[in-house]
Amino acid sequence: MHIQTLAVHAGHDVDPATAAVTPPIHLSTTFAREADGSYRGGFLYSRYANPNRSALETCLARLEGGAAAAAFASGSAATMTLLQAIGPASHVILPDDAYFGSIKLARDVFGPWGMEVSIVDMTNPANVSQAMRTNTKLVWLETPSNPLLGIADIAALADIAHRGGAVCAVDNTWGTPVLQRPLELGADVSMHSTTKYLGGHSDVLSGALVFKANDELYQRVNSIQMTGGAVPSPFDCWLVMRGVRTLPLRVHAQSASAMGLAEFLAKHPRVEAVHYPGLKSHPSHDVACRQMSGFGGMLSVQVKATAPESIAIADRLELFTQATSLGGTESLIEHRASVEGPGTRSPANLLRVSVGLEHVDDLKEDFDRALGG
Ligand SMILES: *Cc1c(COP(=O)(O)O)cnc(C)c1O
């Protein structure tokens with residue numbers, strides 16, 4: 001089935017109790033036992049499983065072409081749970097350009113628990129080969145990466161990870177299952193901050209891990225999910241499901257507008273560089289063409305300006321709200337270096353853009369005016 005069809009139907013069943021077409025939200029934390037001690041719907045207590053969460057997990061597994069999924073209270077909780085499942089006294093490899101919270105989790109939270117962490121430039125697979133150790137258990141990819149839109153070759157890196165006996169996980173938040181299929185390219189796990197494109201409306205914090213196989217790693221994650229309880233609320237799950245129904249439509253529109261805006265900005269005299277994998281000038285454009293069916297709604301622009309002037313440009317934009325996060329219907333812009341703080345790798349003149357659903361010509365016009373062009 002095509003992803004448009006899955007987005008509408010996967011995990012969406014007519015409610016058996018009431019025939020409601022839109023699913024009810026099951027707030028109950030506990031479920032009644034039958035006389036024989038069994039549970040009619042298979043649900044016992046909401047930390048273990050809940051009808052809304054189970055529906056979301058079914059939906060996400062099918063969207064990614066996976067065998068199982070686990071939903072969490074945030075993307076970061078999903079990442080944390082995977083690292084917990086990988087276990088202490090192991091070595092993990094992360095990309096140098098990645099969501100700063102993922103690096104922080106591995107290095108600052110799990111480091112003191114005995115996890116060894118290597119941070120490498122993954123745009124060149126040879127760097128990952130060199131970083132592999134006998135105790136490497138996880139190669140974590142983020143592609144396109146945050147905030148420089150670097151592209152990592154999923155198939156090549158999954159192969160390197162597997163040859164070294166490690167798991168390959170991909171943060172597919174920016175790619176989305178609409179444009180990028182990590183599990184089909186050889187990865188074992190696809191991770192999402194469903195707070196972003198899957199939720200799609202900047203109104204729900206949640207995350208997920210999708211597994212290629214219902215294997216021992218999934219079982220361990222599921223056990224930590226149920227025992228640790230970093231789970232999304234039933235309403236959070238309901239909101240993500242609602243968002244997913246329009247995911248393919250939104251992502252294709254945002255991707256097309258991002259391409260148009262990137263091309264416009266690349267030619268603008270006040271712009272130093274545009275980072276967007278859809279541009280032929282992007283250093284990994286060929287890899288992006290191979291593994292993505294579209295290039296997504298995120299781009300970064302380095303303006304010809306100092307840090308304060310860059311922030312002033314972002315502030316002059318009327319259609320782009322200065323705010324962190326991405327993947328909503330409204331366009332957002334962010335001076336990433338100020339958000340990440342000291343130690344950031346973001347250039348001082350870099351503005352990260354999440355393209356919304358506005359008309360691309362209005363977005364171009366807004367930028368032209370703000371840049372003083
Ligand atoms: C936002 C984001 C995260 C973290 O997700 P939360 O839902 O904020 O915890 C991880 N990876 C990427 C690429 C993100 O954009």
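First listed ligand is number 1; within each ligand, the first listed atom is number 1. Here, residue 1 is the first one in the sequence, and each next residue gets the next number. Every value quoted in this text rests on a predicted model; they were computed, and no experiment measured them.
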**OP:** Can you sort out the partners of Tyr99 under ring pair (Phe, Tyr, Trp, His ring centres under 6.0 Å), two or more places apart, ordered by chain and number?
**Re:** none
Between ligand 1 and the protein, tabulate every N or O atom pair separated by less than 3.5 Å, reporting distance only.
from: ligand 1; atom 1: 5 (O); to: Ser193; atom 2: OG; distance (Å): 3.0
from: ligand 1; atom 1: 7 (O); to: Gly75; atom 2: N; distance (Å): 2.9
from: ligand 1; atom 1: 7 (O); to: Ser193; atom 2: OG; distance (Å): 2.8
from: ligand 1; atom 1: 7 (O); to: Thr195; atom 2: OG1; distance (Å): 2.8
from: ligand 1; atom 1: 9 (O); to: Gly75; atom 2: N; distance (Å): 3.2
from: ligand 1; atom 1: 9 (O); to: Ser76; atom 2: N; distance (Å): 2.8
from: ligand 1; atom 1: 9 (O); to: Ser76; atom 2: OG; distance (Å): 2.7
from: ligand 1; atom 1: 11 (N); to: Asp171; atom 2: OD2; distance (Å): 2.7
from: ligand 1; atom 1: 15 (O); to: Trp174; atom 2: NE1; distance (Å): 3.3
from: ligand 1; atom 1: 15 (O); to: Lys196; atom 2: NZ; distance (Å): 2.8

Original post:
What class does the angle between the rings of Phe367 and Phe320 fall in, given that below 30° is parallel, 30 to 60° is tilted and above 60° is perpendicular?
Top reply: perpendicular
**OP:** Determine whether the side chains of Asn222 and Gln219 contain a donor N or O and an acceptor N or O closer than 3.5 Å.
**Re:** no
Subject >> Linked hydrophobic residues, Phe110 as query - side chain contacts closer than 4.5 Å >> reply: Phe72, Met80, Leu82, Leu83, Ile86, Val92, Leu94, Ile103, Leu105, Val109, Met115, Val117, Ile119, Leu138, Trp140, Val167, Val189, Met191, Leu209, Phe211, Leu217, Tyr218, Val221
**OP:** Using the side chain to side chain donor-acceptor pair (under 3.5 Å) rule, collect all pairs that involve residues 284-295, keeping only residues at least two apart or in two chains.
**Re:** Asp153-Arg290
Subject >> Heavy-atom closest contact (Ala208 atom, Leu60 atom, distance) >> reply: CB-CD1, 3.4 Å
